[in-house]
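Data first, discussion second: the structure below is written as structure tokens.
Reckoned from all heavy atoms, side chains included, excluding hydrogens, waters and symmetry mates. Chain letters run A, B, ... following the sequence lines, proteins first and then strands; every chain starts at 1.
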Amino acid sequence: MIDLECKIKNQIVKIHVCETTWDLGPFIDFVETNPVMGFDTETTGLDWWNADRGFRIRLAQFGNATEAWVLPVEINPEFGEAVKWALRYAQRLVAHNGTFDQHVVESTLGVTLEELAPKMLDTKISAHLVDPRQVKEAGPGLKLEELVKFYIDRTLAEEVKGSMTKIAKRYKVKKEEIWPTVETFDREYLLYAGMDPIFAFRLFRITFPKIPARSRQRGLFAWEHRLAHVTARMERAGYLVDVEYVEARIAELKIEESKWMAVVRSFGIELLGSGAQIVEAFAREGIRLTEKTAKGVIKTGEEILAKIDHPLADAILKAKSATKKRKTWFENIINGMDSQNRIHPSVNPLQARTARWTINGSLAAQTLPAGTGYVRSSCLAEIEHVSASIDFGNMELRVLAAASGDPTMLDAFYHDKDLHNLTAIAAFGPMPEGVEKHPKRKAGKGTNFTVCFGGGWNAVSTQWDIPEDDAKKAVKAFWEAYPGTKTLSNRLMDEARRTGYIYTATGRRLPVDKDRPYAALNYYIQSSARDITARAVLLLDAAGFTPHMRLVIHDEIVFSFPKERAAELTEQAAQIMEFTFKGLLVPADGEIGKRSWGSILDLEESKH
DNA sequence: TAGAGAGGCACC
DNA sequence: AAACGGTGCCTCTCTA
């Protein structure tokens with residue numbers, strides 16, 4: 001047994017590392033006397049889905065506030081057995097982002113998500129309910145090191161955070177390569193590993209009592225854990241890839257890129273992402289770029305280049321676009337596949353400051369090109385299945401209407417009136433005879449959305465390309481036509497100014513920056529919409545739909561359904577998803593495609 | 001060599 | 001009085 005010591009704020013903590021089977025005795029005593037334990041794992045990487053081709057668990061760590069046990073499971077199968085026993089024996093396991101560790105022990109030791117989820121206490125959840133702000137937003141952050149820094153011990157957190165970088169230097173490898181490389185019994189590594197379950201344990205004790213009473217009363221803490229379990233099972237299932245399709249697109253894009261890059265290079269630009277090189281190249285052609293960003297850098301983006309009538313501008317845009325498509329979408333998909341050609345994008349149900357989900361990794365699902373199946377066609381429903389997509393209609397505007405109780409807005413939704421037309425009418429007068437759309441409907445639409453985002457006429461004008469006068473009229477008309485929304489916005493801003501926070505209908509507390517009180521309305525809308533989707537996910541899970549769920553993207557849920565039951569299941573799922581928020585229905589509409597996710601959009605396209 | 005910051009572009 | 005909110009990923013530049 002190796003014994004290590006460390007100090008947290010002058011308090012000594014001990015880390016015991018098992019070396020031989022004989023060391024398991026005191027570990028078992030520890031587990032038996034600590035029904036609640038911090039838990040963490042160290043692995044060869046983050047790709048838990050590759051356990052059949054290289055991914056390994058190296059250490060498993062358990063701990064309480066002052067003591068940790070490190071079991072190097074990679075050197076002794078009996079350690080693996082002891083870890084399995086401990087995981088199953090424990091009453092509660094405290095982990096930071098425990099979803100990852102659950103995937104690890106499931107794929108390497110066979111202890112399932114279903115076994116562990118009911119006993120997990122996740123500090124990422126408790127911390128987010130207390131304060132969801134990232135460090136750059138002047139909040140505590142959401143990563144373990146950031147939270148330790150904020151809540152426990154600033155200097156120690158920095159030391160521990162830096163230790164893996166230091167170890168990598170000592171081994172003379174890149175940081176990303178240290179995880180599989182560092183020797184099992186490297187003291188510094190063991191210390192780093194042993195501290196994490198102690199930190200998680202302490203962090204839970206600190207953050208849990210800080211969860212706002214209103215959040216606790218509404219059961220948010222348990223609710224988020226149930227949600228995290230569903231998303232973990234979605235991650236485990238993953239999404240089947242159409243490898244041929246993806247590889248064909250990569251080959252195509254490479255040809256496209258080399259064609260345009262040849263043009264770009266002929267003008268002396270080597271780095272496509274270098275603004276300075278672009279500016280110089282245009283200067284040589286007698287074209288001066290002058291528009292600057294807020295930080296004083298000359299802009300070279302699409303907005304600028306699209307206005308320049310020169311073969312170089314065209315070539316830069318085309319080369320950039322092809323590179324982005326290849327690297328961001330298709331190559332990430334290929335690189336993220338497991339041995340069964342499935343990707344497992346990481347779903348973070350409690351990441352954004354409004355609690356919106358984020359999806360990252362092999363597929364940044366929230367940023368796929370809209371209105372086309374170009375990237376989505378990479379994702380396939382199972383064999384003999386078809387893809388289906390169900391989305392909420394007008395979710396955020398309906399949340400605004402319901403939360404504000406504005407009679408005009410509610411009436412529009414009750415009677416299926418076009419709200420964008422209504423706003424245009426309020427601003428610019430009645431519709432001309434015999435047309436379905438108001439000639440200035442776009443200004444109405446832009447205003448409706450922009451107001452939800454906390455914007456004013458300037459934002460409407462620049463983002464929606466609306467003349468300033470029209471934008472001013474439309475925004476003014478919006479607040480006058482739907483005065484209830486103004487009352488809601490004022491109430492939220494007032495609450496934010498007084499307390500620094502607003503609360504949503506689910507009891508979630510959201511901090512609002514003092515100098516941006518206007519953001520309160522958007523936070524309320526965005527977060528409530530997220531919770532309506534989250535609620536739908538939990539109900540779908542209860543109805544047995546989780547094995548069919550593939551991705552959740554804000555207001556849309558994507559499914560893989562058996563071909564012959566697709567119509568029936570889509571209908572059933574849509575009914576489950578629909579929700580009446582403060583008296584107003586938020587409808588859900590399903591669409592069924594062919595095998596690929598993209599086919600749903602391509603079918604839509606062909607209708608027009 | 002790593003990390004931070006910034007620009008740019010893909011979304012809801 | 002007015003005020004656009006929330007993301008992810010790639011690339012380059014600069015600093016330590």
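- Across all strands, A:K327 comes closer than 4.0 Å only to sugar-phosphate atoms, never to a base (heavy-atom distances).
- Within the nucleic acid shown, A:F449 has no heavy atom closer than 4.0 Å to any nucleic acid atom.
- Around atom NZ of A:K172, no more than 12 heavy atoms belonging to other residues, nucleotides or ligands sit under 6.0 Å away.
- Between A:K136 and B:dA4 there is no side-chain polar atom (N or O) within less than 4.0 angstrom of OP1 or OP2.
- If you check every strand for non-hydrogen atoms under 4.0 Å, A:W457 touches sugar and phosphate atoms only.
- Nucleic acid contact for A:K299: sugar-phosphate only, since backbone atoms but no base atoms lie under 4.0 Å from a heavy atom of the residue.
- The NE2 atom of A:H554 sits 7 Å away from the C1' atom of B:dC11 (whole-angstrom rounding).
- Counting non-hydrogen atoms under 4.0 angstrom, A:M164 reaches nothing in the nucleic acid.
- Residue-to-nucleotide proximity on DNA chain C shows that, of A:E137 and A:T328, the 5′-proximal contact is made by A:E137.
- Using a 4.0 Å cut-off between charged nitrogen and carboxylate oxygen, A:E146 and A:K149 do not count as a salt-bridge pair.
- Summarising the geometry, the separation between CD on A:E396 and C1' on B:dC11 is reported as 13 Å, rounded to the nearest angstrom.
- The heavy-atom pair separating A:L584 from A:A401 by the smallest distance is CD2-CB, 4.0 Å.
- Using a 4.5 Å cut-off on side-chain heavy atoms (C-beta onward), A:W48 and A:T43 make no contact.
- Nearest-nucleotide positions on DNA chain C place A:R356 closer to the 5' end than the other of A:G361 and A:R356.
- A:S527 comes within 4.0 angstrom of nothing in the nucleic acid, heavy atoms only.
- Between A:N448 atom CG and B:dC12 atom P there is a gap of 17 Å when expressed in whole angstrom units.
- Across all strands, A:E302 comes closer than 4.0 Å only to sugar-phosphate atoms, never to a base (heavy-atom distances).
- Scanning DNA chain C 5' to 3' for nucleotides with an atom closer than 4.0 angstrom to a non-hydrogen atom of chain A gives a first and last hit of C:dA3 to C:dT13.
- Here B:dA10 presents its P atom at 12 Å from CG of A:L368, a figure rounded to the nearest Å.
- Atom name P, nucleotides B:dC11 and C:dC4: the rounded distance is 23 Å, in whole Å.
- Regarding A:K318, its NZ atom lies at a distance of 15 Å from the P atom of B:dC9, rounded to whole Å.
- In this structure, A:G301 reaches the sugar-phosphate backbone alone: every heavy-atom distance under 4.0 Å involves primed, P, OP1 or OP2 atoms, never a base.
- Proximity of A:K295 to the phosphate of B:dA6: a side-chain N or O atom is located under 4.0 Å from OP1 or OP2.
- No side-chain heavy atom of A:R284 sits under 4.5 Å from any side-chain heavy atom of A:F267.
- If you check every strand for non-hydrogen atoms under 4.0 Å, A:K174 touches sugar and phosphate atoms only.
- Atom-to-atom, CZ of A:R170 to P of B:dT1 comes out at 18 Å; the value is rounded to the nearest Å.
- Atoms CG (A:L271) and C1' (B:dG8) sit 15 Å apart, rounded to a whole Å.
- Rounding to whole angstrom units, CG of residue A:D391 and P of B:dC12 are separated by 10 Å.
- Looking at A:D465 and A:K442, their side chains come closer than 4.5 Å, going by heavy atoms from C-beta outward.
- Contact check for A:D470 versus A:F428: side-chain heavy atoms found under the 4.5 Å cut-off.
- Taking the charged nitrogens against the carboxylate oxygens, A:R498 and A:D494 do have a contact shorter than 4.0 Å, which makes a salt bridge.
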